[in-house]
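In what follows, a structure is listed as structure tokens, so that the remarks can point back to it.
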Amino acid sequence: MSGEGGPIKAGMDIIVSSTSSYLEQGYNKIHRWRTFEFPRLVQRTTSNTMLESIRRLSQRPQLLSEALTVLSRSKQNALLNLFLDALTRGGTSSLPRSIELHVHDPICYIGDMLAWVYQVIAAECEFFESLFGISGRTKRMVGEVRVAGIEEE
């Protein structure tokens with residue numbers, strides 16, 4: 001052992017640089033996996049693996065931003081296709097009927113479009129709340145059963 005940390009300091013530098021290299025490779029693997037999985041995310045359920053990968057990528061904002069860009073593009077395309085299907089074809093086995101069937105009645109036509117948009121917004125809100133592990137609901141929703149002991153403003 002020499003003085004002033006000569007060989008020991010060099011050994012520590014090698015260990016630190018290799019550890020940081022492995023850590024960076026791990027983050028890049030998580031990022032690649034997330035960007036591969038996000039476009040395939042058609043269902044609105046989140047797994048524990050997905051939650052953990054988002055939590056890990058949040059430590060690298062640049063990688064998280066790129067993965068969320070891929071997610072937003074894939075969600076945008078999926079929602080556009082779903083809206084066009086609802087507008088022209090309707091649901092499975094024609095229930096609910098297509099929105100275009102009410103084109104002769106503007107109020108019903110717009111009402112059906114707004115109902116579809118409202119439903120999708122609620123579903124997407126729940127998806128993102130579960131994805132990021134947050135809860136945006138602090139108050140009782142309209143029609144929800146009251147729970148004793150919780151005071152509302």
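The chain is numbered in sequence order, starting from 1.
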Should we count CZ of Arg55 as having more than 12 external heavy atoms under 6.0 Å?
yes
In one Ile/Leu/Val/Met/Phe/Trp/Tyr side-chain cluster, 4.5 Å: Val117, Val120:
yes
Derivation and outcome, side chain to side chain contact (heavy atoms under 4.5 Å, CB included), residues Leu68 and Leu57:
CA-CA 10 Å; Leu68 291 178; Leu57 280 180; over 6 Å; no
Taking C-beta and beyond as the side chain, do Val70 and Lys75 meet within less than 4.5 Å on heavy atoms?
no
Separation of Glu66 CD from Leu71 CG (nearest 0.5 Å)
14.0 Å
Min side-chain heavy-atom separation Leu101-Asp112 under 4.5 Å:
no
Leu114 vs Ile110 side-chain heavy atoms within contact, under 4.5 Å
yes
At what distance, to the nearest 0.5 angstrom, does OG1 of Thr19 lie from CD of Glu24?
13.0 Å
If you define the side chain from C-beta out and look only at heavy atoms, does anything of Leu82 sit under 4.5 Å from Trp116?
yes
If you draw a 6.0 Å radius around CG in Asn48, do more than 12 non-hydrogen atoms from other residues or ligands fall strictly inside?
no
How long is the span from the CG atom in Asp85 to the OG atom in Ser98, to the nearest 0.5 Å?
11.0 Å
d(Glu124 CD, Glu126 CD) to nearest 0.5 Å is 10.0 Å
Any donor-acceptor N/O pair, Ser21 side chain to Ser17 backbone, under 3.5 Å
no
If you round to the nearest 0.5 Å, how far is CG of Asn28 from CG of Leu63?
5.5 Å
Could you go step by step and tell me if Tyr109 and Asp105 meet the side chain to side chain contact (heavy atoms under 4.5 Å, CB included) rule?
CA-CA 6 Å; Tyr109 185 62; Asp105 183 6; 5.9 Å; no
Quick check for you: to the nearest 0.5 Å, what is the distance between Ile99 atom CD1 and Cys108 atom SG?
10.0 Å
Please check if the number of heavy atoms outside Ile107 that lie under 6.0 Å from its CD1 is greater than 12.
no
Could you walk me through whether Gln59 and Tyr27 satisfy the side-chain hydrogen bond (donor to acceptor under 3.5 Å, both in side chains) test, starting with their C-alpha distance in whole Å, then the side-chain angles of each, then the deciding distance to 0.1 Å, before giving a yes or no?
CA-CA 9 Å; Gln59 297 170 1; Tyr27 281 119; 2.3 Å; yes
Answer whether the closest heavy-atom distance between the side chains of Met113 and Leu87 falls below 4.5 Å.
yes
For side chain to side chain contact (heavy atoms under 4.5 Å, CB included), just list the numbers for Ser58 and Leu64, CA-CA rounded to whole Å, side-chain angles, deciding distance to a tenth of an Å, and then say yes or no.
CA-CA 6 Å; Ser58 66; Leu64 179 64; 4.1 Å; yes
